[in-house]
Amino acid sequence: MLDLQKLDTRLAQLDHRSRTLPVLQELSAAQAQSTRADEDLVLARTAVADVEREITKADQDVQLVRDRAARNTARLEAGQGNAKELQAMQHELDTLARRQSELEDVELEVMERAETLRAELTELERRRTDLDEKLSGLEDEHARAAGEIDTERSAVVAERAQIAPGLGEDLLALYEEVREQHGGLGAAPLIQRRCGGCQLELTSSDLSRIRTAPEDEVLRCEECRRILVRTAESGL
């Protein structure tokens, strides 16, 4: 009975260890970082795409002014139109020159902003790559640790399967019921007149009853109702 309890306790310890592996906390934190990194990348890529469209628009605006100025310059050089028309074209050329300068300033500002955003995107992508490598390493570490636990669990389960049937169906059923009621500890040794489950000292009458009980009698602690197992250290 105590051998079975020892195996069940070990299984519970393995389950707890599996749930509380230190690498799990690191893995969870890295996964949260990964989620945030993906969100940051989406925002950064959207910002770069937006600024790229701004550059295209600014370039088109500058090109329109340049084309208009080139046509006016060609007409002026060819002397097309009367004096008033030529004077108006010259005035428009001056206006177009100022407009072109303004638009080129806008285009330059957008290009500088685009350079900054591209650099930020490149840095985020580098961090994403580093994070992927970290995640992969943590996942491998978790897989190794979980594999070791699973291997030991399989060995303990196999040993339990050999021991459990020897208790008999009735005793095994009682043990499982008590174990479920008492947090996994269904059987406890009687050591120095104390129950190994609740750690309370048994009364003289209880000890007397246990002392004279047949070897095959199932004994229960009167306080916690766990199955009591007599040992060489029971103090009887």
Side-chain angles (χ1 to χ4, degrees), residues 1-36 131 134-236:
M1 176 69 72
L2 291 180
D3 288 339
L4 181 62
Q5 179 63 73
K6 182 179 179 181
L7 292 174
D8 284 334
T9 299
R10 184 53 185 159
L11 286 174
Q13 291 170 341
L14 289 172
D15 288 340
H16 180 265
R17 180 184 167 195
S18 180
R19 294 191 302 270
T20 59
L21 284 170
V23 69
L24 284 175
Q25 188 172 0
E26 294 183 64
L27 189 56
S28 178
Q31 288 169 339
Q33 287 180 318
S34 178
T35 299
R36 290 194 297 270
L131 187 54
K134 180 180 180 180
L135 271 171
S136 179
L138 289 172
E139 288 169 351
D140 289 343
E141 183 180 347
H142 176 248
R144 287 193 296 272
E148 293 173 359
I149 292 173
D150 288 342
T151 297
E152 184 175 355
R153 182 187 288 111
S154 295
V156 174
V157 168
E159 187 175 353
R160 188 186 193 280
Q162 294 178 341
I163 293 177
L167 297 180
E169 292 184 4
D170 292 342
L171 180 56
L172 183 59
L174 174 63
Y175 164 76
E176 295 290 6
E177 179 183 349
V178 175
R179 190 165 72 91
E180 184 176 352
Q181 293 171 350
H182 292 82
L185 189 63
L190 176 61
I191 301 177
Q192 296 303 315
R193 303 183 178 184
R194 290 181 180 274
C195 168
C198 62
Q199 301 301 317
L200 294 178
E201 186 173 353
L202 275 66
T203 64
S204 297
S205 59
D206 286 338
L207 288 171
S208 177
R209 175 178 57 81
I210 291 172
R211 189 180 297 113
T212 58
E215 289 187 4
D216 59 352
E217 182 177 338
V218 178
L219 304 173
R220 306 283 296 277
C221 172
E222 293 299 325
E223 296 296 332
C224 67
R225 300 306 295 162
R226 290 183 174 92
I227 298 172
L228 272 179
V229 180
R230 286 168 287 192
T231 70
E233 299 177 351
S234 292
L236 298 174

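Because the structure is predicted, anything quoted here is derived from the model rather than measured.
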**Complete:** Rounded to the nearest 0.5 Å, the CD atom of Glu177 sits from the CZ atom of Arg225 at a distance of 11.0 Å
**Prompt:** Can you tell me how far CD1 of Ile210 sits from CZ of Arg230, rounded to the nearest 0.5 angstrom?
**Reply:** 7.5 Å
**Prompt:** Do Leu4 and Leu172 have side chains that get closer than 4.5 Å, going by heavy atoms?
**Reply:** yes
**Message:** Quick check: do Glu222 and Arg209 have side-chain heavy atoms less than 4.5 Å from each other?
**Reply:** yes
**Prompt:** Would you call Glu139 and Arg144 a salt bridge, taking side-chain N to carboxylate O under 4.0 Å as the test?
**Reply:** no
**Prompt:** Hey, does Leu135 have a side-chain heavy atom less than 4.5 Å from the side chain of Leu27?
**Reply:** yes
**Asked** With a 3.5 Å cut-off and no angle check, do the side chains of Thr9 and Gln5 form a donor-acceptor pair?
**Response** yes
**Message:** Within the 4.5 Å heavy-atom criterion, are Ile191 and Ser234 side-chain neighbours or not?
**Reply:** no
**Message:** Check this for me: does any side-chain nitrogen of one of Asp3 and Lys6 sit under 4.0 Å from a carboxylate oxygen of the other?
**Reply:** no
**Any side-chain heavy-atom pair of Leu202 and Arg193 under 4.5 Å** = no
**Message:** Show, in sequence, the C-alpha distance, side-chain angles and deciding distance for Arg179 and Glu176, and conclude whether the salt bridge (charged side-chain N to carboxylate O under 4.0 Å, His left out) test is met.
**Reply:** CA-CA 5 Å; Arg179 190 165 72 91; Glu176 295 290 6; 3.0 Å; yes
**Item:** Flag side-chain contact, heavy atom, 4.5 Å: Leu11 against Arg153
**Value:** yes
**Message:** With side-chain contact (heavy atoms from CB on, under 4.5 Å) as the criterion, how do Glu152 and Arg17 come out once you've worked through the C-alpha distance, each side chain's angles and the decisive distance to 0.1 Å?
**Reply:** CA-CA 12 Å; Glu152 184 175 355; Arg17 180 184 167 195; 4.2 Å; yes
**Fill in**
Distance col, row Cys221:SG vs Arg226:CZ, nearest 0.5 angstrom, shows 8.0 Å
**Message:** Under a plain distance cut-off of 3.5 Å, with no hydrogens placed, do Arg10 and Gln13 share a side-chain donor-acceptor pair?
**Reply:** yes
**Complete:** Closest heavy-atom pair, Ala188 versus Gly196, reported as atoms and distance to 0.1 Å, is CB-C, 3.6 Å
**Message:** Testing the basics here: between Leu21 and Ala146, what is the closest heavy-atom pair and its distance to 0.1 Å?
**Reply:** CD1-N, 4.3 Å
**Fill in**
Rounded to the nearest 0.5 Å, the CZ atom of Arg220 sits from the SG atom of Cys195 at a distance of 11.0 Å
**Prompt:** Looking at side-chain heavy atoms only, is the closest gap between Val218 and Asp170 below 4.5 Å?
**Reply:** no
**Prompt:** For the atom pair OG (Ser18) and NE2 (His142), what is the distance rounded to the nearest 0.5 Å?
**Reply:** 6.0 Å
**Donor on one side chain, acceptor on other, Asp206 and Thr203, under 3.5 Å** = yes
**Request:** Give a yes or no answer on whether the side chain of Ser154 reaches the backbone of Asp150 with a donor-acceptor pair at less than 3.5 Å.
**Result:** yes
**Message:** Any non-hydrogen side-chain atom of Arg19 less than 4.5 Å from a side-chain atom of Leu24?
**Reply:** no
**Item:** Minimal non-hydrogen separation, Leu167 against Met1, with atom names
**Value:** CD2-N, 4.0 Å
**Message:** Nearest 0.5 angstrom please: Ile227 CD1 to His182 NE2, how far?
**Reply:** 10.5 Å
